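Every value quoted in this text rests on a predicted model; they were computed, and no experiment measured them.
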Amino acid sequence: MRGKGYTASISYDRRLYKEDIAGSIAHVKMLARQGILSGRDSKTIVSGLEAILLEIAGGIFPWKEELEDIHMNVEARLHEIIGSVAGRMHTARSRNDQVTTDLRLYVKSAIESTLAGIVALQTAILDQAEKNISVVMPGYTHLQMAQPVLLAHHLLAYFEMLERDKDRLQEAFARVDVLPLGSGALAGSPYPLDRDFVAKELGFSRISSNSMDAVSDRDFVLDYMYSSSVIMTHLSRLAEEMVLWSSEEFGFVRMGENHSTGSSIMPQKRNPDFAELGRGRSGRVYGNLVGFLTTLKGLPLTYNRDLQEDKEGLFDSIDTVLSTLDAFTGMLEDINFDSNKMLEATEKGFMLATDLADYLVSKGLPFRESYDVIKALTSYAQTEKKSFDQLSLAEYQQFSSLFGDEVLKIDLESSLMARSVSGGTAPSNVKSELRRARKIVDSIKI
């Protein structure tokens with residue numbers, strides 16, 4: 001038969017078994033409370049479902065592809081265990097509201113796991129920032145050395161990115177936390193259902209308001225896919241810096257042996273494979289989002305079989321994000337920063353140029369004129385192959401009579417100390433931000 005198995009989803013939607021069984025148990029209990037199902041039948045069905053749960057968890061459940069999906073596999077097995085009373089379980093529901101209930105439960109759990117993974121990575125970042133609190137490094141714009149910053153300040157930038165990721169996930173959780181069960185196929189149910197009871201049993205904060213929207217809504221899938229795409233963007237940026245920084249040209253970090261691999265032919269090399277794979281897998285997560293957006297864009301209300309395509313991309317995004325967060329946490333824990341290399345690099349890029357310009361501003365020179373003076377001074381120093389600290393006061397004064405003895409005291413430390421505005425890289429600021437960040441992660445209960 002051509003196309004055999006084409007409509008089956010059991011190969012991937014079987015991972016929803018816990019949610020499917022939990023939803024069925026809550027539904028059956030409600031039916032009994034409402035007098036739609038006898039208490040005896042309810043207990044029999046619940047007992048059978050609990051037995052199936054143990055079979056699946058134990059790896060002995062007889063999956064059948066011809067039954068197509070998780071719902072029919074469970075229901076068919078229930079018939080085998082308890083007989084015809086199993087047919088009462090599906091009273092007052094459709095596979096349409098059943099599957100979206102399952103998926104919402106699954107996404108809620110995935111969000112909680114992702115939040116926990118983010119907190120673990122944030123903790124690893126804070127540990128490294130605190131350990132390297134005094135390390136000075138070049139800050140970059142356009143990948144050109146710009147101004148000196150503390151390494152801890154640089155690392156805290158990723159902490160902030162991950163904080164925004166947490167915010168997005170928490171907002172997504174609020175939107176997925178809606179019970180659709182009771183919407184039926186599309187029009188609602190003629191039975192006197194207690195949807196609030198089911199919501200409470202399953203841990204939903206509220207119930208859906210429109211049955212047609214409830215069975216066709218997959219915005220919550222997009223929410224997770226989008227949130228995971230932004231997470232992977234941030235992790236990919238971190239990965240890119242680790243790849244650059246671990247190169248001989250930078251030499252700022254040495255990747256731990258558990259999170260890098262040797263070359264198959266060049267024994268001197270250690271390749272940052274974990275970082276590169278995380279960077280590469282961001283593309284897969286983006287693809288899942290774009291693919292499912294494309295699936296949804298032309299669907300009329302209400303349920304269409306196209307919606308079966310909501311799962312594989314979602315599951316792949318969940319798996320990819322969770323594994324990447326875990327791998328990057330280990331990578332950050334296992335990394336060593338070379339403070340000497342970073343300090344040496346700060347001496348190469350005339351990074352105190354802005355401080356010198358600000359010095360002239362403090363003497364009354366307009367900034368644009370000050371900028372031109374320091375630009376000319378920098379060109380002179382480059383020609384003479386000197387750094388700023390090798391210039392004499394007389395050389396400074398060739399470019400402006402406003403330069404005094406104090407200019408010779410401008411150095412990395414004074415540059416850092418000067419950036420004391422809120423959010424700046426001054427050591428006192430960074431220490432304060434580290435304390436704030438530590439309180440955030442220590443207060444979270446996942």
Side-chain angles (χ1 to χ4, degrees), residues 9 12-13 15-27 70-71 93-119 162-184 186 195-232 285 288-289 291-293 295-296 299 301-303 306-322 325 444-446:
S9 58
Y12 50 87
D13 71 14
R15 74 157 72 187
L16 298 174
Y17 76 92
K18 290 180 183 178
E19 292 75 17
D20 193 70
I21 291 173
S24 292
I25 289 174
H27 180 67
I70 180 64
H71 323 298
R93 76 174 180 184
S94 162
R95 274 195 291 179
N96 294 358
D97 60 350
Q98 182 182 2
V99 66
T100 189
T101 300
D102 293 358
L103 202 56
R104 282 178 179 271
L105 286 169
Y106 192 88
V107 170
K108 284 176 65 177
S109 178
I111 288 173
E112 290 172 343
S113 296
T114 308
L115 286 168
I118 289 174
V119 172
L162 293 169
E163 272 298 287
R164 295 194 295 274
D165 291 330
K166 284 159 57 179
D167 288 344
R168 266 182 289 273
L169 286 169
Q170 287 161 352
E171 291 167 3
F173 190 93
R175 285 190 288 273
V176 72
D177 196 21
V178 180
L179 175 74
L181 200 62
S183 299
L186 78 159
R195 297 185 66 204
D196 289 315
F197 170 82
V198 178
K200 186 175 181 180
E201 284 286 295
L202 294 176
F204 285 102
S205 64
R206 61 192 191 280
I207 62 175
S208 59
S209 301
N210 184 288
S211 60
M212 297 179 73
D213 177 58
V215 298
S216 59
D217 172 31
R218 293 298 185 275
D219 289 0
F220 63 95
V221 174
L222 292 176
D223 278 346
Y224 186 89
M225 286 180 164
Y226 172 70
S227 297
S228 63
S229 294
V230 180
I231 292 169
M232 290 301 292
V285 176
N288 291 334
L289 171 61
F292 192 51
L293 279 167
T295 296
L296 287 177
L299 297 186
L301 291 176
T302 54
Y303 183 83
D306 312 53
L307 291 175
Q308 185 171 301
E309 295 301 301
D310 59 3
K311 298 176 190 66
E312 286 185 286
L314 171 66
F315 295 160
D316 182 62
S317 291
I318 292 170
D319 293 346
T320 302
V321 169
L322 290 179
L325 284 168
I444 293 174
K445 302 290 189 294
I446 299 295

S216 side chain to Y303 main-chain N or O, any donor-acceptor pair under 3.5 Å? no

Kindly confirm or rule out a cation-pi arrangement of R15 over F315, judged by NZ or CZ under 6.0 Å from the six-membered ring centre and within 45° of its axis? yes

Spatial distance of atom CZ (F220) from atom CE (M225) [nearest 0.5 Å]: 10.5 Å

Residue from K108, R104, R175 passing salt bridge (Lys or Arg N to Asp or Glu O under 4.0 Å) with D223: R175

Any side-chain heavy-atom pair from T100 and D217 closer than 4.5 angstrom? no

May I ask you to say whether D165 pairs ionically with R168, meaning some side-chain N is under 4.0 Å from a carboxylate O? yes

From L186 CG over to D213 CG, what is the distance, rounded to the nearest 0.5 angstrom? 12.0 Å

If only side-chain N and O atoms count, and only distance matters, is there a donor-acceptor pair under 3.5 Å linking T295 with D306? no

Hey, could you give me the CG/CG distance between L169 and L162, rounded to the nearest 0.5 Å? 10.5 Å

Rounded at 0.5 Å granularity, tell me how far CG in L202 sits from CZ in F197. 9.0 Å

Ionic contact status for E163 with K166, cut-off 4.0 Å: yes

Which heavy-atom pair separates G182 from D97 by the least distance, and what is that distance? N-OD2, 3.0 Å

Looking at Y12, I'd like to know if its OH atom is crowded, meaning that more than 12 non-hydrogen atoms belonging to other residues, nucleotides or ligands lie closer than 6.0 Å. yes

Main-chain N/O of Q98 paired to R93 side chain as donor or acceptor, under 3.5 Å: no

Flag side-chain contact, heavy atom, 4.5 Å: V321 against Y224: yes

Do I318 and L314 make a side-chain contact, defined as non-hydrogen atoms from C-beta onward lying under 4.5 Å apart? yes

Report yes if some heavy atom in the side chain of L103 is under 4.5 Å from a heavy atom in the side chain of R218; otherwise report no. yes

